[in-house]
Amino acid sequence: MINYNELTVPEATLIQKELRSQVLITPFKGAIHYIAGADISFNKFSTTVYAGIVLLRFPELTPVGYSLVKKEVLFPYVPGFLAFREVPALLNAWEQLPIKPDVLIVDGHGIAHPRRMGIASHFGVLTNQPTIGSAKKKLFGNYEEPGPNRGDYTPLTDKQGEIMGNVLRSKDKVKPIFVSPGHLTDVAGSLHTLMQCVGRYRLPEPTRLAHNAVNQFRLGTLPEGWSESF
DNA sequence: GCGACAG
DNA sequence: ATCTTGTCGC
């Protein structure tokens, strides 16, 4: 694989345009037995990132274990190019998983991106894995504010009216989250699956647990590697 | 030129 | 993303 650390933004843009043709937006078939959440944590001004993937049983959402990996990253955070900063470390965490989930939820957007290549789509294409993008803020597109109750949602569209994903109120009266298909699933399917992952918090369980895990890892409370004890 | 801008 | 205490609303 290409070394993302030495890329320029123009070069990264070319890679996104190439990968874009490989993204497959199609209804997800089959049952989901395992689902996972991926996230990254780091200290401000540091080049060390702490990546993690938490595996859960589905639909119970009971955690099975987590994969934690530390890595040096030089590519800076540039809106629209998050994948070049976080994907390398996440791939290492992915390789370390003893069981691959049927679907992976990534913290960021899927095709709701200027070039349809958000981090969830990027990771999905590289691993040939069904992925869903779940972000806390909009990156690209237009939408109407969804209703105030849990479960209310509105479409996120591009400048041509094409629906890229949905804006979902995951909890009563909290800021909505942005859900879009990454790879090997579609807009309706990604929303449906994600809704089944929302518990009593704003963020879906896979993402929330992954966020907790990488933070504990960064702070030295959890060890690197694969572990089944929480 | 101006506003927007995942983590 | 991370750093942070109290504070407002349900």
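We name chains A, B, ... by the order of the sequence lines, and we start the count at 1 in each one.
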Heavy-atom neighbours of A:Lys70 NZ exceed 12 at 6.0 Å: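 Open: at most 12 neighbouring heavy atoms sit under 6.0 Å from NZ of A:Lys70.
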A:Lys100 atom NZ, over 12 foreign heavy atoms within 6.0 Å: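 For A:Lys100, atom NZ is crowded (more than 12 foreign heavy atoms under 6.0 Å).
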Separation of C:dA1 C1' from A:Phe75 CZ (nearest whole Å): 16 Å
Euclidean distance, atom CG of residue A:Asn43 to atom C1' of C:dT2 [Å, nearest integer]: 8 Å
Test of ring centre spacing under 6.0 Å for A:His183 and A:Phe123: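 Centroid separation for A:His183 and A:Phe123: 6.0 Å or greater.
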Cationic tip of A:Arg85 above A:Tyr77 ring, under 6.0 Å, 45° of axis: no
Side chain to side chain contact (heavy atoms under 4.5 Å, CB included) between A:Asp107 and A:Ser134, intermediate numbers included: CA-CA 5 Å; A:Asp107 192 20; A:Ser134 174; 5.7 Å; no
Short side-chain N/O contact from A:Asn215 to OP1 or OP2 of C:dT2, under 4.0 Å: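 True: A:Asn215 side-chain N/O within range (under 4.0 Å) of C:dT2 OP1/OP2.
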Under 4.0 Å protein heavy-atom contact, by nucleotide of nucleotides 1-7 of chain B - B base, S sugar-phosphate only: ----BBB
Polar side chain donor-acceptor pair, A:Glu72 to A:Thr47, under 3.5 angstrom: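 Distance-only check passes for A:Glu72 and A:Thr47.
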Any side-chain donor near an acceptor of the partner, A:Ser41 and A:Asn215, under 3.5 Å: yes
Touch class at under 4.0 angstrom, heavy-atom based, for A:His211 against every strand present: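 A:His211: backbone/sugar contact only, no base atoms under 4.0 Å.
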Sugar-phosphate, base or nothing in reach of A:Asn142, heavy atoms under 4.0 Å: nothing
Near-strand residues of residues 169-189 of chain A, defined as heavy-atom separation under 4.0 angstrom from DNA chain B: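 Those residues: none at all.
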CA sep, side-chain torsions, deciding dist, call: A:Leu7, A:Phe75, side chain to side chain contact (heavy atoms under 4.5 Å, CB included): CA-CA 8 Å; A:Leu7 291 177; A:Phe75 196 94; 4.1 Å; yes
